[in-house]
Amino acid sequence: MDSLNLLWQGLLVGFLASVPLGPIGVICIQRTLSGSHKSGFFSGLGAATADTIFATLAVFSLSFLTDFMTAHKEWFTAVGGILVIVLGVSIFNKRVRRPGQRTQTKSSLASDYFSILFLTLTNPAYILVFITLFAALGISSEGHSTGWNLLLLLGVLGGAASWWFTLTYVVSRLRRRFRLRHLWWINKITGGVIVLFGVLLVLSIVVDLGPVERILP
């Protein structure tokens, strides 16, 4: 397999793995609407980085790490659910400001990035998504060099980042149509939805939610 084809396959895997819009997508959209394209995109980059970490575990077959994360899945899920609830409450109570009043600093962008990075990492079961996508595309790391695997992972990161850039860019373009009262309602609705996601996450530890669990982070 040539390098260009491998890179394209990695891009496809990263893009497809990022498309489903669970609470992470809702948070990125809300941050874009209430903040800026940068705020939403840096949040998405946090998710893309976490996805690349999961893809790395899948590619290099680091079973000792995946076994540990799977064995402690309930703890990861509980932490993730609590974080989602906290973020939801924060968004619900967030003040709406005019575009000229919003300030975007390096520290706030870093906070956007790391908050979503850690939140996404609380769902180790997402490793299975990459295992499934790699298998579907006939991608196997067996017998290949480390450089080959790193090129594949670079594609995964690029594909995931391109999805988040596209999504937040489109949302930021639409944001100009919203007035302050619209943004106020958006914060209330998305905050409530995200809190509901968090509650469902916590409940999923003790209750089988069936198809609902597929849309959780």
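Side chains are part of it too, since the values below use all heavy atoms of this structure and drop only hydrogens, waters and symmetry mates. For clarity, every value in this text was computed on a predicted model and none was experimentally measured.
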>> I need the minimum non-hydrogen distance between Leu7 and Leu154, along with the two atoms involved.
In response: CD1-C, 4.4 Å
> Distance only, no hydrogens: is a donor on one side chain within 3.5 Å (strictly under) of an acceptor on the other, for Arg173 and Thr168?
Replying inline: no
> How close do Leu121 and Phe54 get, heavy atom to heavy atom, and via which atoms?
Replying inline: CA-CZ, 3.8 Å
> Taking all atoms of both residues into account, what is the closest heavy-atom pair of Gly44 and Trp164, and its distance?
Replying inline: O-CD1, 3.2 Å
> With the 4.5 Å side-chain cut-off for hydrophobic clustering, are Val19 and Ile116 part of the same group?
Replying inline: yes
> Looking at CZ of Phe42 and OG of Ser111, how far apart are the two atoms once the value is rounded to the nearest 0.5 Å?
Replying inline: 12.5 Å
>> Working to the nearest 0.5 angstrom, can you tell me the gap between Gln9 CD and Leu151 CG?
In response: 10.5 Å
> Same hydrophobic cluster for Ile131 and Val59, using side-chain heavy-atom links shorter than 4.5 Å among ILVMFWY?
Replying inline: yes
>> Using only atom types and a distance under 3.5 Å, with no angle test, would you say the side chain of Ser39 pairs donor to acceptor with the backbone of Ser36?
In response: no
>> Any heavy-atom pair between the side chains of Leu4 and Trp8 that's under 4.5 Å?
In response: yes
> For the residue pair Tyr169 and Phe165, does the interplanar ring angle fall in the parallel (under 30°), tilted (30 to 60°) or perpendicular (over 60°) class?
Replying inline: parallel
> For the residue pair Tyr113 and Thr49, what are the closest heavy atoms and their distance?
Replying inline: OH-OG1, 2.8 Å
> If you measure from OG1 on Thr52 to CG on Leu153, what distance do you get to the nearest 0.5 Å?
Replying inline: 7.0 Å
> Phe114 and Ile53: same hydrophobic cluster, using ILVMFWY side-chain contacts below 4.5 Å?
Replying inline: yes
>> Is there a side chain to side chain contact (heavy atoms under 4.5 Å, CB included) between Asp51 and Phe130? Walk through the geometry before answering.
In response: CA-CA 9 Å; Asp51 286 347; Phe130 290 97; 3.6 Å; yes
> When rounded to the nearest 0.5 angstrom, what is the spacing between CD in Gln30 and CD1 in Ile189?
Replying inline: 11.5 Å
> Honestly curious: do Val199 and Val86 fall in one hydrophobic cluster under the side-chain, below-4.5 Å linking rule?
Replying inline: no
> Side-chain contact, heavy-atom cut-off 4.5 Å: Leu12 with Leu16?
Replying inline: yes
>> If you apply the rule side chain to side chain contact (heavy atoms under 4.5 Å, CB included), what do you find for Arg31 with Ile27, and how did you get there?
In response: CA-CA 6 Å; Arg31 286 180 176 177; Ile27 292 171; 3.7 Å; yes
> Looking at CG of Leu157 and OG1 of Thr56, how far apart are the two atoms once the value is rounded to the nearest 0.5 Å?
Replying inline: 9.5 Å
> Hey, mind stepping through Ile29 and Leu33 against side chain to side chain contact (heavy atoms under 4.5 Å, CB included) and telling me if it holds?
Replying inline: CA-CA 6 Å; Ile29 290 172; Leu33 288 173; 4.1 Å; yes
>> I'd like to know if the side chain of Trp163 and the backbone of Ser18 have a donor-acceptor N/O pair within less than 3.5 Å.
In response: yes
> Where is the tightest heavy-atom contact between Ile127 and Ala58, given as atom of each residue plus distance?
Replying inline: CG2-CB, 4.3 Å
>> Could you report the tightest heavy-atom contact between Ile24 and Leu119, atom names first, then the distance?
In response: CD1-CD2, 3.5 Å
